Each structure stands twice: as structure tokens, then as C-alpha cells.
Student: 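The structure is given below, and queries will be raised subsequently.
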Amino acid sequence: MNTPDTIRNPHTGYSRSPNGCSQQVMTQITPDERTRLKGIAELEMRSVSATLRMLMLRGIEQYDTETEHAARD
């Protein structure tokens, strides 16, 4: 599923979570990581949670690409 597929249409009502997002994940990060995350969130004009989700999805895509590439070698 692509990120645009999970973005709720603003005309269907307001929700804080993208379409289909119903599972929470908790993790621990360092104060420095939190500071960096908050800085990225401000630049992206997103909440910290939305920014973390965006970064996680990018990381998964990168992981999949690298894993697929390694499997071909």
C-alpha cells in the first residue's frame, strides 16, 4: 500500500489517522532522536507522529529495495 492510498479525503470527515491505520506501535527513542524528529516535523509541517510514520514508510521501502537487490546478487 502506498502512502497516498492511506491519506483520508478531507471531504469525508476529519480524522487524525490516515485511512486504514488502526494499529499503534510504541518505541523508545533517545532525547537527541526526539529533537531531530521534532525538527523534521516542523520542516514538513506535520505532527511528530505523522512524521515518524512517513519516515518509517520510507525506511520500509528502502529496506525492501535493498533486500530485493541483495537477493538478485
Side-chain angles (χ1 to χ4, degrees):
M1 181 178 292
N2 294 328
T3 303
D5 296 334
T6 65
I7 297 175
R8 189 176 297 276
N9 182 338
H11 302 293
T12 61
Y14 178 76
S15 174
R16 296 184 73 140
S17 299
N19 285 338
C21 291
S22 62
Q23 302 296 304
Q24 294 181 354
V25 177
M26 291 187 66
T27 188
Q28 301 292 316
I29 59 176
T30 66
D32 289 340
E33 291 165 342
R34 175 76 179 193
T35 299
R36 291 183 67 195
L37 181 59
K38 286 175 72 174
I40 295 168
E42 288 176 13
L43 287 171
E44 294 283 329
M45 295 190 305
R46 298 174 185 259
S47 67
V48 171
S49 293
T51 301
L52 188 56
R53 181 172 186 272
M54 174 193 69
L55 294 172
M56 181 208 51
L57 291 172
R58 286 182 180 182
I60 289 172
E61 286 181 25
Q62 181 179 348
Y63 174 83
D64 288 344
T65 300
E66 291 171 359
T67 302
E68 181 181 307
H69 180 62
R72 287 185 276 170
D73 292 340

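Worth saying up front: this structure is predicted, and the values here are computed from it rather than measured.
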Student: What's the spacing between Glu61 CD and Thr65 OG1 if we round to 0.5 Å?
Tutor: 7.0 Å
Student: Please enumerate all residues that pass salt bridge (Lys or Arg N to Asp or Glu O under 4.0 Å) together with Glu68, with sequence neighbours excluded.
Tutor: Arg72
Student: About how many Å separate CG of Leu52 and CG of Leu57, when rounded to the nearest 0.5 Å?
Tutor: 9.5 Å
Student: Residues in side chain to side chain contact (heavy atoms under 4.5 Å, CB included) with Glu44, at least two apart?
Tutor: Ile40, Arg46, Met54
Student: Report the distance from atom CD of Gln62 to atom CG of Leu55, rounding to the nearest 0.5 Å.
Tutor: 11.0 Å
Student: Using 0.5 Å steps for rounding, measure from the NZ atom of Lys38 to the OG1 atom of Thr51.
Tutor: 12.0 Å
Student: If I compare all heavy atoms of Ser47 with all of Ala41, which pair ends up nearest, and what's the gap?
Tutor: O-CB, 3.9 Å
Student: Looking at residues at least two apart in the chain, or sitting in another chain, which of them share a side chain to side chain contact (heavy atoms under 4.5 Å, CB included) with Ile29?
Tutor: Thr27, Glu33, Arg34, Leu37
